Amino acid sequence: MRVSHIFGKTLREIPSEADNISHQLLLRTTMIHQEAAGVYTYLPLAWRVLHKIEQIIRKELDTLGAQELMMPALQPFEVWERTGRYLSFGKSLFTLKDRRDRKLCLGPTHEEIITELVHYNLKSYRDLPLLLYQLQIKFRDEPRPRGGLLRAREFTMMDLYSFDRDAEGLDANYHQMIQAYQNIFERCGVSTMMVEADSGAIGGKDSHEFMVITASGEDEILYCSCCSYAANVERAQGIKSPIHHQEPLPLEEVSTPGIKTIEDLAAYLQIPKSQTLKAVFYSADDEIVFVVIRGDLEVNEVKLKNLLKCSELRLAEDTEVEKKGLVAGSASPVKITGIRIIADDSVTQETNLVAGANKPDYHLKNVNYPRDFQVDIITDVATAKVGQGCPRCHSELNSIRGIEVGHIFKLGTIFTEKLGVSFLDQEGRQSLPLMGCYGIGISRLLAAAIEQSHDEKGIIWTMPISPYQVYLCALGLEDNKVVTVAEELYACLMKEGVEILFDDRFESAGVKFNDADLLGIPLRLTISPRALKSQSVELKWRTEKESHLIPLSEATQVIVRDLTQRQDLSPGRPSPARDYEQERFQRGQVQ
RNA sequence: CGGGGUGUGGCGCAGGGGGAGCGCGCAUGGUUUGGGACCAUGAGGUCGGAGGUUCAAAUCCUCUCACCCCGACCA
């Protein structure tokens, strides 16, 4: 492809709507164009990258015996009613009506459709296991799309669904898919960490996310510095050893005029926050619940939501709290009845805490469980923190940020049961197949790859997903020799199957070099009168600072050889963005 | 949904009751060509939309739409 013909020109200035690196670079290179909030056109360069990622995915999945198919984006709403998931998706589900007033929706995911499809085609245990996948556009009416392709309302996704005879089969497929995912991301040249994840309202016992590690990531990951434990903060557990263990002292009321927050209380009484008991009130599907937790910790709403099995969870309004006869700012579980009390285990392990006195301007000292209060549930509902102990090996937890590019779930029989899918097992009995589902956000992966691999000049593509492999710069085009040599090399390399961008524009060297860097093509070749004096071509890798000359006569041969070597990434391949935390990734990629 | 912000040519921005401007980009001609050259000439905008105030509105008022950021939210 000639650069002069590429649809979409590079921009010198950053469009003001973007403040996210990948978003800025995708706009500056005109790889994407925004049509509405969270809705983008992929221009030719981006489309090539998406295709490459898709091909890597296909190759890896087909090796497992998975079969590709294509389900509709437009789905009958009725099937979402049957599984009840129109409720859990809520407003994120795009809905519409056809001319006969029949309700339809745009698929945010395809568990319903695939399960129905399998219903019509699954008869015998001999048909299992089954792995089906598609590459599809998904629609989710996100409350707030952001970051360009990182959180869009329309995006491309690979979703695979597994069906198995039994739990062992599901486990085997799940492990197989973990390996496939690790292969896929590695082949794309992005470093990911696999972490334990919340499976949310979809249920199921096992769920893992694959995170592209980058400081700009939306998700926080807690990982152990010693063992392989890594989890999304939504799910992570930290060991909360008691820090003030003492003999219980007698309960004592203290005056705390105007004190309402834990910060103020700790400062006023000159005690650490960890010596206080925090009371937080939530409305869980309209039930007000009372959560108590050690003052230095925060309630993890995901854990709480899973515990209460509610569909809506929010902080209670002050008026709702008052209606329950509680004093916001001075509330405690001491002598409180008529409300469900959930205690984080940090509270029940601790001694002599300062808690509210359930009347304004007073607190209680030396509150101890179970002497002074009772609770309905004791469990872990705290947000794990850096510095806490790893739940597996008790070493210290660290924190890092990532972008979720893959998510896998063991669904079990949730969908097959609801939609009545069964098969005849070996003994001739009706049996429910066990499902797993596995997703990769392809367009998000494209953006995440840029987040992970760029510098101040632009994108740094890894070879396997770069839109082109080579950027051929011809400098001094009024020199006929330059034109002849460049055209010849361009033709030769194309004949060899090299994907090449030929910058044939009458532009200054600076413009061409800057565009080459911005576009991030791995190898830049320069043909110029200067290099031609020594019958040479200049080679420069995007990841390296220095260029070097090779003889013109060997150019095609050398270039093809070097490209082949770099096509399949070896672990030691230099890439500035991939170097950092490299060891961690390897440790994080759990067996 | 709460809070904040922005809408003026393809991109970045200035202007703030009476001529719609600047830089980049684009076109044409010329001089240039190893890290975003220069000169000249030009094309391109219902100032997000609707209503109002006024002799006169990009500018003031009202409503509205879109987009961005923070939060809530996000299987």
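Owing to the predicted nature of the structure, the values given are computational and were not obtained by experimental measurement. Letters go in sequence order (proteins before strands), and every chain restarts at 1.
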For atom [atom1] of [X] and atom [atom2] of [N], their distance in whole Å:
{"X": "A:Phe94", "N": "B:C74", "atom1": "CZ", "atom2": "C1'", "value": "13 Å"}
{"X": "A:Glu17", "N": "B:C13", "atom1": "CD", "atom2": "P", "value": "11 Å"}
{"X": "A:Leu477", "N": "B:A37", "atom1": "CG", "atom2": "P", "value": "15 Å"}
{"X": "A:Leu475", "N": "B:U32", "atom1": "CG", "atom2": "P", "value": "17 Å"}
{"X": "A:Glu507", "N": "B:C26", "atom1": "CD", "atom2": "C1'", "value": "12 Å"}
{"X": "A:Asp198", "N": "B:A75", "atom1": "CG", "atom2": "P", "value": "9 Å"}
{"X": "A:Arg314", "N": "B:C74", "atom1": "CZ", "atom2": "P", "value": "14 Å"}
{"X": "A:Leu149", "N": "B:C68", "atom1": "CG", "atom2": "C1'", "value": "16 Å"}

Measure from the side chain of [X], starting at C-beta and using heavy atoms only, and say which of [options] lies closest.
{"X": "A:Gln34", "options": "B:G35, B:C68, B:A75", "answer": "B:C68"}
{"X": "A:Met157", "options": "B:C67, B:A75, B:U33", "answer": "B:A75"}
{"X": "A:Val511", "options": "B:A75, B:A37, B:C69", "answer": "B:A37"}
{"X": "A:Lys457", "options": "B:C70, B:G35, B:C68", "answer": "B:G35"}
{"X": "A:Asp515", "options": "B:C69, B:A75, B:G36", "answer": "B:G36"}
{"X": "A:Arg144", "options": "B:C74, B:U33, B:C70", "answer": "B:C70"}

Pairwise [atom1] distance, [M] and [N] [rounded to whole Å]:
{"N": "B:G16", "M": "B:U8", "atom1": "C1'", "result": "12 Å"}
{"N": "B:A66", "M": "B:G49", "atom1": "C1'", "result": "10 Å"}
{"N": "B:G7", "M": "B:G45", "atom1": "C1'", "result": "14 Å"}
{"N": "B:G15", "M": "B:G9", "atom1": "C1'", "result": "16 Å"}
{"N": "B:U46", "M": "B:G10", "atom1": "P", "result": "9 Å"}
{"N": "B:C68", "M": "B:C11", "atom1": "P", "result": "14 Å"}
{"N": "B:C60", "M": "B:C55", "atom1": "C1'", "result": "16 Å"}
{"N": "B:U59", "M": "B:G52", "atom1": "P", "result": "14 Å"}

Does [Y] offer a backbone N or O that forms a donor-acceptor pair with the side chain of [X] under 3.5 Å?
{"X": "A:Ser207", "Y": "A:Ile408", "answer": "yes"}
{"X": "A:Asp479", "Y": "A:Pro529", "answer": "no"}
{"X": "A:Glu209", "Y": "A:Val195", "answer": "no"}

When we call it a touch if two heavy atoms are under 4.0 Å apart, what does [X] touch: a base, just sugar-phosphate, or nothing?
{"X": "A:Asp19", "answer": "sugar-phosphate"}
{"X": "A:Gly147", "answer": "sugar-phosphate"}
{"X": "A:Glu234", "answer": "nothing"}

inquiry  = Taking 4.0 Å as the cut-off, does a side-chain nitrogen or oxygen of A:Thr109 come that near to OP1 or OP2 on B:A75?
reply    = no

key: Phosphate OP1/OP2 of B:G35 contacted by A:Lys545 side-chain N/O (<4.0 Å)   = no

Residue among [options] satisfying salt bridge (Lys or Arg N to Asp or Glu O under 4.0 Å) with [X]:
{"X": "A:Asp515", "options": "A:Arg505, A:Arg524, A:Lys457", "result": "A:Arg505"}
{"X": "A:Arg82", "options": "A:Glu116, A:Glu111, A:Glu112", "result": "A:Glu116"}
{"X": "A:Glu218", "options": "A:Arg444, A:Arg144, A:Arg146", "result": "A:Arg146"}

inquiry  = Among residues at least two apart in sequence or on other chains, which ones pass side chain to side chain donor-acceptor pair (under 3.5 Å) with A:Ser162?
reply    = A:Tyr438

message = Among residues at least two apart in sequence or on other chains, which ones pass side chain to side chain donor-acceptor pair (under 3.5 Å) with A:Gln75?
response = A:Trp80, A:His110

inquiry  = According to salt bridge (Lys or Arg N to Asp or Glu O under 4.0 Å), who are the partners of A:Glu301, at least two apart in sequence or on a separate chain?
reply    = none

Atom pair CG (A:Leu130) and CD1 (A:Ile114), whose distance is rounded to the nearest 0.5 Å = 7.5 Å

A:Asn20 or A:Gly476, whichever maps to the more 5' nucleotide of RNA chain B = A:Gly476

Under-4.0 Å salt bridge between A:Glu263 and A:Lys273 = yes

remark   = Tested for ring-ring contact (aromatic ring centres under 6.0 Å, His included) against A:Phe502, the lone hit among A:Tyr490, A:Tyr471, A:Tyr468 is A:Tyr490

Dot-bracket summary - RNA chain B, pairs being Watson-Crick or G-U whose distances fall under 3.5 Å, with | when paired to another strand = ((((((((.[[[[.)..(..]]]].((((((.....)))))).....[[[[[..)....]]]]])))))))....

ask   = Under the 3.5 Å rule, do the base of B:G35 and the side chain of A:Arg524 count as making a donor-acceptor pair?
value = yes

message = Tell me if the side-chain of A:Arg28 makes a donor-acceptor pair with the base of B:G36, cut-off 3.5 Å, by modelled atom types.
response = yes

request  = Mind listing the residues from residues 4-16 of chain A sitting with a heavy atom below 4.0 Å of RNA chain B? Number order is fine.
outcome  = A:Arg12, A:Glu13, A:Ile14, A:Pro15, A:Ser16

query = So which of residues 135-142 of chain A are in contact with RNA chain B, with a heavy-atom cut-off of under 4.0 Å?
reply = A:Arg140, A:Glu142

ask   = Is the distance between the ring centroids of A:Phe281 and A:Phe290 less than 6.0 Å?
value = yes

task = Could you check A:Thr95 against A:Leu104 for side chain to side chain contact (heavy atoms under 4.5 Å, CB included), going step by step and ending with a plain yes or no?
result = CA-CA 6 Å; A:Thr95 55; A:Leu104 299 162; over 6 Å; no

